[in-house]
Amino acid sequence: MYGIPWVLVMMTTDQAQSAQILAPTASNIELCAQALKAGQLVAFPTETVFGLGAVVTQLQAVQGIFAAKGRPNEHPLIAHVAPGIDLGPWVGQGGPHMQKLIDAFWPGPLTLVVPKGDHMPSSVTGGQTSVGIRCPSHPVAVALLKAVGSPVAAPSANRFGKVSPTRALHVLAELGNRIPYILDGEMPSVGIESTIVSLLGPQPGILRPGAVSAAQIEAVLGVAVKTHAQVKSSGTQLPRVSGALEKHYSPDAKVTVLSADQLAASKLSGNLLCVGWSDAFLTYANKQRTACSSLQIEALSNDPVHVARDLYATLRQADALGCTGVLFEAPPEGAPAWEAVADRLKRAAA
Ligand code: TXA
Ligand code: MG
């Protein structure tokens, strides 16, 4: 279930990487909760990606998140809460839509941007008067947040601009020498970051596409929701959202997104990883191997949910294999179910 046994992880890990990877036992969850309450940083799994957590009121720890990630500190963090927590101190008036979305999608991969409450420190919100808040569904995240009892600020547990981690080992590789504990758990089932919906304007708007779609939100609210494309083109609802930067989620290998026909017409050379899911793309990838013998092929299942789940591990695999480039199949254009994957690939390739 967790890929690699802990013992092996500890044996093969560089000594400079001092973070401990902990199995999600009750005592380790308690240990991590105590560490968080004492102002330490702890990485933990969610159903989307691993987060790098600090209790929101531990201001030094919150600063430590920005330092560990190398992230500009005016970028707001998402506050994670346990199911059923009293949001009163942390969140202001969320308007008529907030409770409906909480009832429909929490716990789960939906972050709400709403006015911040009096107790939410502005260092968490990047100085903004709004806060991104989310209640994850991963059982280890839920257990940890319940044990902590207050919100935990947690960006994805990667260095700024890099690929978000979906395995404890990914966190170890990037932040192992900067944090004490990495709590492990079942692999993220979603694999890409939560949908972010802003409830600040007159009309809800998608700031970051994810597993929860604009159509699903519309169905619950009974009002039109601005899609991510509409929000971007209007340019009004985008504050400092690091996930909105053009270049983000990038491995070291150069990412190229291309169609089956473009792959067929390409003259390939070098150490490349070719990732696709359609018969046409994989057929052309195999043909290309006659000219480019070092080409490696990874076939994903032809389903946007599965591609999302495997996306980041596959991008990291290109680096692990020492590839100079990764050729990723272009998702079907304009298909809502592929929007979030297309968004992450576009940024990885920017
Ligand atoms: O799935 C997720 O959301 C993961 C896991 C760990 O929960 N977290 C995550 O965090 O993706 P991060 O920091 O990598 O991305 C959070 C995004 C950023 O782009 C940030 O700018 C945006 O949320 N955000 C947070 N608060 C906001 C606010 N008040 N207004 C607008 N955007 C906000
Ligand atoms: Mg991130």
Side-chain angles (χ1 to χ4, degrees), residues 42-54 56 62 65-66 68-81 90-92 94 105-117 120-138 140-142 144-145 151-166 170-171 174-175 183 185 188-201 205-212 228 231 236-250 308 312 340 343-344 347-348:
V42 174
F44 61 96
T46 82
E47 73 280 17
T48 60
V49 300
F50 277 71
L52 174 60
V56 290
V62 170
I65 287 181
F66 294 103
K69 276 183 68 86
R71 173 170 168 159
N73 55 10
E74 77 277 13
H75 283 194
L77 304 171
I78 293 176
H80 294 64
V81 295
W90 312 108
V91 166
F105 296 108
W106 281 11
L110 180 68
T111 296
L112 307 176
V113 172
V114 291
K116 84 173 194 68
M120 185 61 75
S122 58
S123 50
V124 171
T125 68
Q128 302 186 72
T129 53
S130 61
V131 64
I133 192 140
R134 130 166 161 85
C135 173
S137 62
H138 192 293
V140 176
V142 170
L144 181 68
L145 291 166
V152 170
S156 49
N158 52 279
R159 298 278 294 162
F160 182 61
K162 293 295 178 186
V163 179
S164 298
T166 51
H170 300 166
V171 182
E174 290 203 20
L175 300 176
L183 189 55
S189 56
V190 175
I192 54 173
E193 303 80 354
S194 60
T195 302
I196 303 180
V197 61
S198 169
L199 299 180
L200 300 177
I206 306 290
L207 302 186
R208 180 174 71 184
V212 176
H228 182 54
V231 169
T236 49
Q237 285 193 359
L238 279 185
R240 296 172 294 256
V241 182
S242 60
L245 296 176
E246 267 327 307
K247 187 162 178 61
H248 211 69
Y249 315 117
S250 301
Y312 290 147
D343 170 76
R344 303 308 192 277
R347 295 182 206 293

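Remember, it's 1-based here, ligands and their atoms both numbered in the order they're listed. By convention here, the first residue in the shown sequence is residue 1.
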A.B. asks: Quick one: which ligand 1 atoms are inside 4.0 Å of a heavy atom on T48?
C.D. replies: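 Every atom of ligand 1 under 4.0 Å from some heavy atom of T48: 1 (O), 2 (C), 4 (C), 5 (C), 7 (O).
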
A.B. asks: Let's go through Y312 and H170 carefully: what are the C-alpha distance in whole Å and the side-chain angles of both, what is the deciding distance for ring-ring contact (aromatic ring centres under 6.0 Å, His included) to 0.1 Å, and is it a yes or a no?
C.D. replies: CA-CA 10 Å; Y312 290 147; H170 300 166; 9.2 Å; no

A.B. asks: Check for a donor-acceptor pair, side chain of T195 on one end and backbone N or O of G210 on the other, with a separation under 3.5 Å.
C.D. replies: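 Yes.
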
A.B. asks: May I ask you to test the S123-N73 pair for a side-chain heavy-atom distance under 4.5 Å?
C.D. replies: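 With C-beta onward as the side chain, the pair stays apart.
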
A.B. asks: Side chain to side chain contact (heavy atoms under 4.5 Å, CB included) with P165: which of V171, L175, L52?
C.D. replies: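 The residue from V171, L175, L52 that satisfies side chain to side chain contact (heavy atoms under 4.5 Å, CB included) with P165 turns out to be V171.
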
A.B. asks: By number and element, which atoms of ligand 1 are closer than 4.0 Å to a non-hydrogen atom of S156?
C.D. replies: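 In order of number, 8 (N), 9 (C), 10 (O), 12 (P), 14 (O).
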
A.B. asks: Between S164 and E193, do the side chains contain an N or O donor and an N or O acceptor separated by less than 3.5 Å?
C.D. replies: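 Yes, E193 and S164 have a side-chain donor paired with an acceptor closer than 3.5 Å.
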
A.B. asks: Under 4.0 Å, heavy atoms only, figure out whether ligand 1 is touched by the backbone of H75, its side chain, both or neither.
C.D. replies: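 None of H75 does.
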
A.B. asks: May I ask you to identify, for T125, whether its side chain, its backbone, both or neither come under 4.0 Å of ligand 1 on a heavy-atom basis?
C.D. replies: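 For T125, there is no contact with ligand 1 at all, from either part.
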
A.B. asks: Applying a 4.0 Å heavy-atom criterion (strictly less than), which segment of A154 is in contact with ligand 1: side chain, backbone, both, or neither?
C.D. replies: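 Answer for A154: backbone.
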
A.B. asks: May I ask you to check if ligand 1 and S130 share an N or O to N or O distance below 3.5 Å?
C.D. replies: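 Yes, there is a polar N/O contact under 3.5 Å.
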
A.B. asks: With heavy atoms of V131 as the reference, note each atom of ligand 1 found under 4.0 Å away.
C.D. replies: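 Once the distances to V131 are compared, the set is 29 (N).
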
A.B. asks: Do any N or O atoms from the side chain of E174 and from the backbone of N158 form a donor-acceptor pair under 3.5 angstrom?
C.D. replies: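 No: the side chain of E174 does not pair with the backbone of N158.
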
A.B. asks: Heavy-atom contacts with S194 under 4.0 Å: which atoms of ligand 1 show up? List them by number with element.
C.D. replies: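 Counting atoms of ligand 1 from 1, those under 4.0 Å from S194 are 1 (O), 2 (C), 3 (O).
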
A.B. asks: Compare every heavy atom of V81 with every heavy atom of P136, then report the nearest pair and how far apart it is.
C.D. replies: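 The pair with the smallest heavy-atom distance is CD-O, 3.6 Å.
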
A.B. asks: In terms of atom number and element, which parts of ligand 1 are under 4.0 angstrom from non-hydrogen atoms of G51?
C.D. replies: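 Heavy-atom distances to G51 below 4.0 Å select 6 (C).
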
A.B. asks: Does R208 reach ligand 1 with a nitrogen or oxygen that is under 3.5 Å from one of the ligand's nitrogen or oxygen atoms?
C.D. replies: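 Yes, there is a polar N/O contact under 3.5 Å.
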
A.B. asks: Hey, does the side chain of K162 reach the backbone of K69 with a donor-acceptor pair shorter than 3.5 angstrom?
C.D. replies: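 Between the backbone of K69 and the side chain of K162 there is no qualifying donor-acceptor contact (under 3.5 Å).
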
A.B. asks: For the pair R159 (side chain) and A68 (backbone), establish whether a donor and an acceptor sit closer than 3.5 Å, ignoring hydrogens and angles.
C.D. replies: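 Yes: the side chain of R159 pairs with the backbone of A68.
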
A.B. asks: So if I count the atoms of ligand 1 from 1 in the order they appear, which ones are less than 4.0 Å from some heavy atom of H80?
C.D. replies: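 Every atom of ligand 1 under 4.0 Å from some heavy atom of H80: 5 (C), 6 (C), 7 (O).
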
A.B. asks: With a cut-off of 4.0 Å, which atoms of ligand 1 are near a heavy atom of L77?
C.D. replies: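 Every atom of ligand 1 under 4.0 Å from some heavy atom of L77: 25 (C), 26 (N).
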
A.B. asks: Could you check which of I196, V114, T195 puts a non-hydrogen atom nearest to atom 22 (C) of ligand 1?
C.D. replies: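 Among I196, V114, T195, the closest heavy atom to atom 22 (C) of ligand 1 comes from I196.
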
A.B. asks: So for R71, does at least one of its heavy atoms come nearer than 4.0 angstrom to any atom of ligand 1?
C.D. replies: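 In this structure, R71 qualifies as a contact of ligand 1 - some heavy atom is under 4.0 Å.
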
A.B. asks: Verify whether one side chain among T111 and R208 offers a donor that lies under 3.5 Å from an acceptor in the other.
C.D. replies: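 Side-chain D/A pair, T111 to R208: absent.
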
A.B. asks: Restricting to N/O/S atoms, is S164 within less than 2.8 Å of the Mg ion (ligand 2) or not?
C.D. replies: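 Here the distance criterion (N, O or S atom, under 2.8 Å) is not met by S164, so no.
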
A.B. asks: Can you find an N/O atom of E193 closer than 3.5 Å to an N/O atom of ligand 1?
C.D. replies: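 Such a contact does not occur with ligand 1.
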
